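See below for the structure under consideration.
Just the heavy atoms: all of them, side chains too, but no hydrogens, waters or symmetry mates, feed the values below. All figures in this text were calculated on a predicted structure; none of them were measured in a lab.
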Amino acid sequence: MKIQKISQKSLVKTAAGRLVVSLLDGTLPQGAQLPPERELMSQLGISRATLREALKMMEESRLVESRPHVGWFARTIEESNIMQAKELAGGAEMKASNPAASEPLTGPRRIPVSPEKPIHIPNLQKDRLGTFEFISWWEREKVKNAKVLVIGAGALGNEVIKNLALMGVGNLFIIDFDKIEAANLSRSVLFRETDNNRSKAEVAAARAKSVNPDVHVQYLNADVTTGLGLGIIRRMDVIIGCLDNREARLAVNRFCYWMNKSWVDGAIQELLGLMRVFVPGEGACYECTLTEAALRDLSLRYSCQLLARQNILLGKVPTTPTIASIIGGMQSQEGLKLIHSMPVEPGKVTHFNGLTNHMHTTAYVPREDCESHWTYGDITELPARAERATLHDLLRIARADLGESAFIELDQELVTSLECPKCQTKEDVLKPLSDITFEAGHCPTCGTLREASFTHTITGEENFLHRTLASVGIPALHIIRAQNGLEYRFYELTGDLPEALHFRHFMQTIKLSGADPLKIGGRVKLKDEIRIMDPASVTVRDRIRIKADAAKEVVSVRAATSEPVHIRKQSLVKLADAQPGKTQAKGDGHSSIKVVLAKADEAPKPAKE
C-alpha cells in the first residue's frame with residue numbers, strides 16, 4: 001500500500017503566502033510601505049518573531065525590501081519575481097474580479113436607456129463628423145473611444161475599414177497575413193498599383209489614416225489563427241471578420257466565445273453574400289451553423305494538418321467589388337450598432353442574392369453540444385512577455401496555483417518531429433505548425449510527405465522547457481490555459497501590452513520650439529529644438545535622416561544612446577522617426593550643432609554650437 005506524504009506548510013510560510021496574496025490582489029499596494037508590524041501581527045494572528053521571519057522570506061524572494069529606521073516596503077511584482085510570488089502564495093484563492101463570468105448568458109439583454117441627447121449644432125465647415133450629430137442615437141464619444149478589430153484586409157476588409165474610418169471609429173486594429181497582388185486592385189478601394197507585394201494589413205491601416213487622420217490605427221501582419229493574442233480580443237469592443245475560409249472563421253468564433261465578445265461575420269462569392277452577428281450565449285454561434293458534412297470535411301482535412309494549412313493559403317474565392325460594398329456596408333452598420341449597444345439579431349443570417357436582388361433572414365438552430373460554447377473564467381494578468389518567459393516559468397506559476405499535477409494546454413499543435421515512412425528517417429523539429437510549410441514537410445531525400453508528430457500539452461516531462469513561449473508559437477499578449485483535471489486557470493502575458501496593443505502606427509508628431517507641430521517626413525532647420533509629443537508612445541525603432549544640400553549626403557541616425565545628435569552646418573534634418581533622448585549620429589561631426597530630443601513635459605534645453 002502506497003501512502004502519499006502529507007504536505008504541510010510552516011506557520012512562517014503560511015504568513016508569507018497570505019502577505020503575497022495581498023500583494024497580488026492589490027490589497028497591499030505594490031511599491032508602498034507595509035502597515036506597521038503590530039497591525040500585521042494582529043491581522044495575521046502571529047508573533048513578532050514569526051512575522052519577521054515571513055518578511056525575511058519575502059525579502060529573499062525579492063518581494064519586499066527593508067529600509068533601516070523606516071520600515072518594510074512592497075516591491076513591484078514583475079517578470080523577475082512573479083514565479084516566486086506565485087509559489088509563495090501557494091495557490092491561495094484570488095478575489096473574483098467578475099463573479100458572474102462563469103454564469104452562462106440567457107435570454108435577450110436589456111438595453112440601457114440613454115439620457116436624452118442634448119441639442120448640438122455642429123460646424124459643418126470644420127467638423128468632418130458634424131452631419132452625424134443630427135442622428136438621434138449617435139454618440140460621438142462612444143464611437144471615438146471604440147476599439148474595433150478587423151480580421152482580413154481583402155475586398156470585404158477594405159470596405160469595412162473604409163466605412164469605419166469615415167464614421168470616425170477611434171481605434172482600428174487590422175490583421176492579415178497576405179500580401180497585395182495585382183488581382184486585388186479590382187476589388188480593394190484602399191490599394192494602389194504601387195502597393196504590389198506589400199502587406200495588406202499595413203497598407204490598409206495607412207490608407208485608413210489618410211481617409212481620416214483622427215483615427216488611431218494599428219496593423220499586424222500575421223495569421224489570426226496563430227498570431228493574435230487573446231488579450232487583444234479581450235480588449236476590443238467589436239470584432240468584424242472579413243474572412244474567406246472555414247478554419248479561420250472557426251478559430252475566430254472560438255476566440256470570441258472564450259473572451260465573451262460579439263463578432264460580425266461576412267462572406268461573399270460572385271454576386272452572392274451573407275452577413276451575420278454572433279453574441280456568446282444568445283442564439284447559435286458559427287460552429288453551430290456547420291453541417292455534419294462540413295464538420296467531417298474539416299476533420300478529414302485536419303487528418304493531414306500540413307496539407308490543410310497549404311489549402312487555406314492557396315484558397316481563392318471569385319468576388320466582385322459591388323457585392324463587397326454591399327456586405328461590407330452591412331457589417332460596418334452592425335458593428336456601429338454594437339458600439340451603441342443597440343439591438344441586433346444574434347444567431348441569424350441575412351442572405352443577399354445579387355442575381356435576383358432578393359434578401360432574406362433566417363435563424364440558425366443552436367447546438368447544445370457545440371464545442372465553442374464555453375467562456376474563460378477569471379484571468380490572471382502576469383507581468384511576463386512571450387519573448388522572455390519560458391515554458392518552465394509558466395509551469396511553475398500554474399503548479400503554484402493548481403498543484404503538481406497541473407499542465408499547460410497550447411492553442412495550436414506543436415510539431416515535435418517529422419518522420420519519412422519510406423526512408424525511415426526522423427527529424428526533430430519542435431516548431432509550431434504555423435512555422436512549417438507544406439514543402440518543408442516533404443522528405444529532403446526521397447520527396448515523400450513525412451508524418452508529423454504533434455503535441456499540444458506541456459506536462460513538465462519535456463526536454464525543451466527552457467524554450468520561450470514565443471519560440472513555440474505563443475503570440476504576444478496571449479492568454480494561456482492551465483489545468484489539473486479538476487479546474488482551469490487562465491494567465492495573460494500582460495507584460496506584452498505596451499507593444500502589442502497601442503494604436504500608434506502612422507501617428508507620431510514632432511513639435512518644434514515655438515513652432516507648429518511637424519508631421520513625420522517634414523524638414524527641420526538647424527538651431528530648432530525637436531520635442532516628441534507623448535514620448536511614452538514612441539516604441540518603433542526608425543531613423544532620423546540628415547541630408548546635406550551640397551553633397552546630397554544622407555546620414556542615418558538610429559535610436560541608441562542618450563548622446564545628442566551632431567549635425568554639420570549647412571545641413572537639413574529630415575525626421576523619419578525617433579525616440580526621445582535616444583539618438584546617435586553615424587559619421588564625423590566637424591563643425592556641428594546639437595539637436596536635443598526632449599520629453600514633452602520637460603522644458604527644452606538651449607542648443608549649443
Approximate separation, where rounding is to 0.5 Å, of [X] [atom1] and [Y] [atom2]:
X	Y	atom1	atom2	value
Leu243	Tyr286	CG	OH	9.0 Å
Leu156	Asn158	CG	CG	9.5 Å
Leu469	Asp393	CG	CG	7.5 Å
Arg62	Glu78	CZ	CD	8.5 Å
Asn81	Lys86	CG	NZ	12.5 Å
Ser417	Phe454	OG	CZ	9.5 Å

Would you say [Y] and [X] are linked by a side-chain donor-acceptor pair, where the criterion is simply a distance under 3.5 Å?
X	Y	answer
Ser372	Asn253	yes
Thr390	Thr468	no
Tyr219	Asp176	no
Thr361	Thr350	yes
Tyr364	Arg276	yes
His478	Asp411	yes
Glu381	Tyr491	no

Keeping the roles fixed (side chain from [X], backbone from [Y]), state whether a donor-acceptor pair exists under 3.5 Å.
X	Y	answer
Asp223	Phe177	no
Ser471	Arg467	no
Asp401	Ala398	no
Arg198	Thr194	no
Gln331	Gly157	no
Asn171	His216	no
Thr457	Ile408	no
Thr375	Tyr257	yes
Lys261	Val238	no
Asn484	Ser405	no

task = Flag this pair as yes if the NZ/CZ of Arg249 is under 6.0 angstrom from the six-membered ring centre of Trp263 and inside a 45 degree cone about the axis; otherwise no.
result = no
Contact summary for [X] and [Y], nearest pair of heavy atoms:
X	Y	answer
Arg187	Ala183	NH1-O, 3.0 Å
Pro475	Ala386	O-CB, 4.0 Å
Val264	Gly335	CG2-N, 4.4 Å
Val217	Ala208	CG1-CB, 4.3 Å
Ala452	Val415	CB-CG1, 4.3 Å
Ala201	Leu220	CB-O, 3.7 Å

Salt-bridge criterion met for Arg235 and Glu492 (N-O under 4.0 Å) = yes
message = Determine whether Asp195 and Lys179 satisfy the following criterion, salt bridge (charged side-chain N to carboxylate O under 4.0 Å, His left out), listing intermediate values before the conclusion.
response = CA-CA 9 Å; Asp195 297 328; Lys179 294 188 179 296; over 6 Å; no
inquiry  = Does Asp237 form a salt bridge (charged side-chain N to carboxylate O under 4.0 Å, His left out) with Lys147? I'd like the steps, not just the answer.
reply    = CA-CA 5 Å; Asp237 298 306; Lys147 299 180 181 68; 5.2 Å; no
I want to check something: taking the side chain as every heavy atom from C-beta on, are [X] and [Y] in contact at a cut-off of under 4.5 Å?
X	Y	result
Met236	Val148	no
Phe278	Thr289	yes
Cys256	Val252	yes
Leu394	Ile480	yes
Asp265	Met275	no
Leu391	Val472	yes
Val160	Val150	yes
Ile268	Phe352	no

If you count heavy atoms of other groups shown closer than 6.0 angstrom to [atom1] of [X], is the number above 12?
X	atom1	answer
Lys348	NZ	no
Glu292	CD	no
Gln333	CD	no
His351	NE2	yes

task = Show your working on salt bridge (charged side-chain N to carboxylate O under 4.0 Å, His left out) between Glu287 and Arg246 and close with a plain yes or no.
result = CA-CA 9 Å; Glu287 189 168 355; Arg246 288 173 178 167; over 6 Å; no
Parallel, tilted or perpendicular, as decided by the 30° and 60° cut-offs, for the rings of Trp258 and Phe255 = tilted
Sequence neighbours left out, cut at 3.5 Å: what donor-acceptor pairs do the side chains of residues 321-330 make with other protein atoms?
unit_1 : atom_1 : unit_2 : atom_2 : d
Thr322 : OG1    : Thr320 : OG1    : 3.1
Ser325 : OG     : Pro321 : O      : 2.9

inquiry  = Could you walk me through whether Arg234 and Ile379 satisfy the side chain to side chain contact (heavy atoms under 4.5 Å, CB included) test, starting with their C-alpha distance in whole Å, then the side-chain angles of each, then the deciding distance to 0.1 Å, before giving a yes or no?
reply    = CA-CA 10 Å; Arg234 177 190 176 200; Ile379 295 171; 4.0 Å; yes
query = Who pairs with Arg192 by side-chain hydrogen bond (donor to acceptor under 3.5 Å, both in side chains), at least two apart in sequence or on another chain?
reply = none
inquiry  = Is there a salt bridge (charged side-chain N to carboxylate O under 4.0 Å, His left out) between Glu79 and Arg385? Walk through the geometry before answering.
reply    = CA-CA 8 Å; Glu79 199 170 358; Arg385 301 179 60 182; 5.5 Å; no
ask   = Which residue pairs pass the salt bridge (Lys or Arg N to Asp or Glu O under 4.0 Å) test when at least one of the two sits in residues 421-433, sequence neighbours left out?
value = Glu427-Arg450
ask   = Can you check side chain to side chain contact (heavy atoms under 4.5 Å, CB included) on His373 and Cys288, steps first, answer last?
value = CA-CA 9 Å; His373 289 187; Cys288 295; 3.3 Å; yes
request  = Test Ile479 against every option in Leu230, Leu493, Ile233 by the side chain to side chain contact (heavy atoms under 4.5 Å, CB included) rule and name the one that passes.
outcome  = Leu230
